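These notes are about the structure you will find just below.
Given the structure is predicted, the values throughout are model-derived calculations rather than measurements. Note: hydrogens, waters and symmetry copies are ignored here, and every other heavy atom, side chains too, is used.
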Amino acid sequence: VFLLHAEFDQAVPFACAQSTAQRAHDTGLAAETMFFYGESTHAKALYDKYKAQVDARWTSFLVEQLQLG
């Protein structure tokens with residue numbers, strides 16, 4: 001599970017993303033978060049704003065989890 005989320009997202013509560021990550025971790029799933037504190041941008045707009053950073057982390061996460069490295 002890879003979660004990208006803004007702290008002040010108006011559509012999905014930040015606590016939801018935090019609890020999803022914690023539950024995934026607690027059940028033994030790989031759970032990585034990329035939380036943007038102080039940010040209120042949602043979904044695609046958040047991704048577009050931080051695309052380079054997100055793509056690098058997402059790619060690294062996939063390489064590790066799929067054992068492509």
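- Between the Ser60 side chain and the Ala56 main chain, no donor and acceptor come within less than 3.5 Å of each other.
- Across all their heavy atoms, Val63 and Gly69 have their closest contact at CG1-N, 3.6 Å.
- Partners of His42 under the side-chain hydrogen bond (donor to acceptor under 3.5 Å, both in side chains) rule, at least two apart in sequence or in another chain, are Asp9.
- Without hydrogens or angle criteria, Gln10 side chain to Phe8 main chain gives a donor-acceptor distance under 3.5 Å.
- Grouping the Ile, Leu, Val, Met, Phe, Trp and Tyr side chains by contacts below 4.5 angstrom, directly or via other members, places Val12 apart from Phe2.
- For the atom pair CG of Leu4 and NZ of Lys44, the computed distance is 12.0 Å after rounding to the nearest 0.5 Å.
- No chain of hydrophobic side-chain contacts below 4.5 Å, direct or via other Ile, Leu, Val, Met, Phe, Trp or Tyr residues, connects Leu46 to Leu3.
- One finds the OG atom of Ser40 at 13.0 Å from the CZ atom of Phe14 (value rounded to the nearest 0.5 Å).
- Across all non-hydrogen atoms, the minimal contact from Val1 to Ala24 is CG2-CB, 4.1 Å.
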Sequence neighbours excluded and cut-off under 3.5 Å, please list the side-chain donor-acceptor pairs for residues 28-39, or say none.
| residue | atom | partner | partner atom | Å |
| --- | --- | --- | --- | --- |
| Glu32 | OE2 | Arg57 | NE | 2.7 |
| Glu32 | OE2 | Arg57 | NH2 | 3.1 |
| Glu39 | OE1 | Lys49 | NZ | 3.0 |
| Glu39 | OE1 | Tyr50 | OH | 2.6 |
| Glu39 | OE2 | Thr41 | N | 3.4 |
| Glu39 | OE2 | Thr41 | OG1 | 2.4 |
| Glu39 | OE2 | Lys49 | NZ | 3.2 |

